[in-house]
Amino acid sequence: TLSDEALRRLLLSEEGQGSVARSADELRDQPSLAEVSPRIRVELALHSGDAERIRTQLGDAVQACLDAGATGGAIRIQQAGLAYLEGAARREAHLKLADICSQAGIYERAHEEARALLDDPGASASLRARAAVTSAGALVAGSRLDEAVADLARVPPDASPALRAEAARE
């Protein structure tokens with residue numbers, strides 16, 4: 001049977017890089033794969049280019065990393081998964097990446113990820129408001145108060161009252 005540890009070692013080994021890609025179909029069709037952590041399932045999907053599995057299990061994999069205290073792993077998987085997402089799902093994933101980076105103390109990256117959403121004309125008012133709060137929080141942590149105020153001022157007027165209130169509290 002497949003185990004998280006055995007698959008983790010395979011994924012991290014140089015030999016594993018090629019063999020995972022070559023035997024991805026066999027690995028992802030193993031019945032015992034359901035018993036493996038979401039993180040490992042998504043790692044396999046990333047190696048094999050299994051876009052459907054990445055799209056459906058990315059959130060669970062990232063949360064499993066965060067629950068295990070593996071913030072770096074969560075950032076890496078979230079970043080890699082972005083290539084398989086489109087539209088609103090991709091925007092939400094960028095905001096999630098910004099939030100994770102902020103939690104990890106990588107404030108400049110958190111700001112950059114969130115700031116890109118502020119300038120995205122396809123982003124909803126709600127997403128832009130949440131991005132403004134995330135960006136401002138990262139800027140405040142980096143002692144860039146004037147920029148934080150400017151980002152908070154960009155909360156769209158059509159954002160929900162709750163999001164506007166959250167931005168005002170920041």
Side-chain angles (χ1 to χ4, degrees), residues 2-138 141 151 163:
L2 296 171
S3 75
D4 281 5
E5 184 59 24
L7 284 172
R8 187 185 69 76
R9 286 183 185 164
L10 176 66
L11 290 170
L12 294 176
S13 71
E14 285 185 32
E15 291 176 8
Q17 299 298 321
S19 66
V20 170
R22 284 191 305 274
S23 60
D25 290 334
E26 292 173 28
L27 285 171
R28 72 175 174 229
D29 293 335
Q30 292 287 327
S32 58
L33 191 59
E35 299 168 16
V36 174
S37 74
R39 176 185 182 174
I40 298 297
R41 287 194 304 268
V42 169
E43 291 273 8
L44 286 169
L46 287 166
H47 281 280
S48 67
D50 184 350
E52 184 61 27
R53 182 164 291 178
I54 294 165
R55 283 192 291 273
T56 60
Q57 297 182 6
L58 182 64
D60 291 339
V62 169
Q63 191 59 52
C65 288
L66 293 172
D67 292 346
T71 308
I75 291 170
R76 186 179 53 74
I77 289 172
Q78 186 75 4
Q79 178 68 44
L82 287 172
Y84 296 89
L85 303 173
E86 297 176 348
R90 185 177 174 90
R91 290 181 187 98
E92 286 289 340
H94 270 289
L95 186 57
K96 177 71 173 177
L97 181 58
D99 288 336
I100 296 167
C101 288
S102 185
Q103 291 169 9
I106 309 170
Y107 300 119
E108 186 60 31
R109 176 135 185 234
H111 163 68
E112 290 169 3
E113 292 288 340
R115 186 69 181 264
L117 295 168
L118 288 174
D119 298 326
D120 184 341
S124 69
S126 172
L127 186 77
R128 290 193 323 270
R130 291 174 22 231
V133 169
T134 298
S135 177
D151 277 2
L163 286 172

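- Expressed to the nearest 0.5 Å, how far NZ of K96 lies from CG of L58 amounts to 10.0 Å.
- Atom CG of D60 sits about 7.5 Å away from atom CZ of R41, to the nearest 0.5 Å.
- A distance-only check finds a donor-acceptor pair linking the side chain of R128 to the backbone of A123 [under 3.5 Å].
- Across all non-hydrogen atoms, the minimal contact from R39 to G73 is NH2-CA, 3.9 Å.
- Checking side-chain atoms of R90 against main-chain N and O of L82 turns up a donor-acceptor pair under 3.5 Å.
- Between the side chains of Q63 and D67, at least one donor N or O lies within less than 3.5 Å of an accepting N or O.
- Atoms CD1 and CD, on I106 and E112 in that order, are 11.0 Å from each other to the nearest 0.5 Å.
- When all heavy atoms are compared, the tightest approach of S102 to Y107 is O-CE2, 3.3 Å.
- Considering all non-hydrogen atoms of both residues, V42 and A61 come closest at CG2-CB, 3.5 Å.
- For A114 against A98, the heavy-atom pair with the smallest separation is N-CB, 3.8 Å.
- With values rounded to the nearest 0.5 angstrom, L44 atom CG is found 9.5 Å from D50 atom CG.
- For E108, the side-chain hydrogen bond (donor to acceptor under 3.5 Å, both in side chains) partners are R144, not counting sequence neighbours.
- One N or O on the side chain of T134 and one on the backbone of R130 form a donor-acceptor pair closer than 3.5 Å.
- The distance from the CG atom of L66 to the CG atom of D99 is 10.0 Å, given to the nearest 0.5 Å.
- Classification of R76 and E43 as a salt-bridged pair holds, one side-chain N sitting under 4.0 Å from a carboxylate O.
- Of all heavy-atom pairs between I75 and C101, the closest is CD1-SG, 4.1 Å.
- Between the side chain of S135 and the backbone N or O of A131, no donor-acceptor pair lies under 3.5 Å.
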- Message: Checking D151 against R115 for the side chain to side chain contact (heavy atoms under 4.5 Å, CB included) test, could you report, in this order, the C-alpha distance in whole Å, the side-chain angles of both residues, the deciding distance, and whether it holds?
- Response: CA-CA 8 Å; D151 277 2; R115 186 69 181 264; 3.2 Å; yes

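- E113 has a carboxylate O that lies under 4.0 Å from a charged side-chain N of R109, or vice versa, which qualifies the two as a salt bridge.
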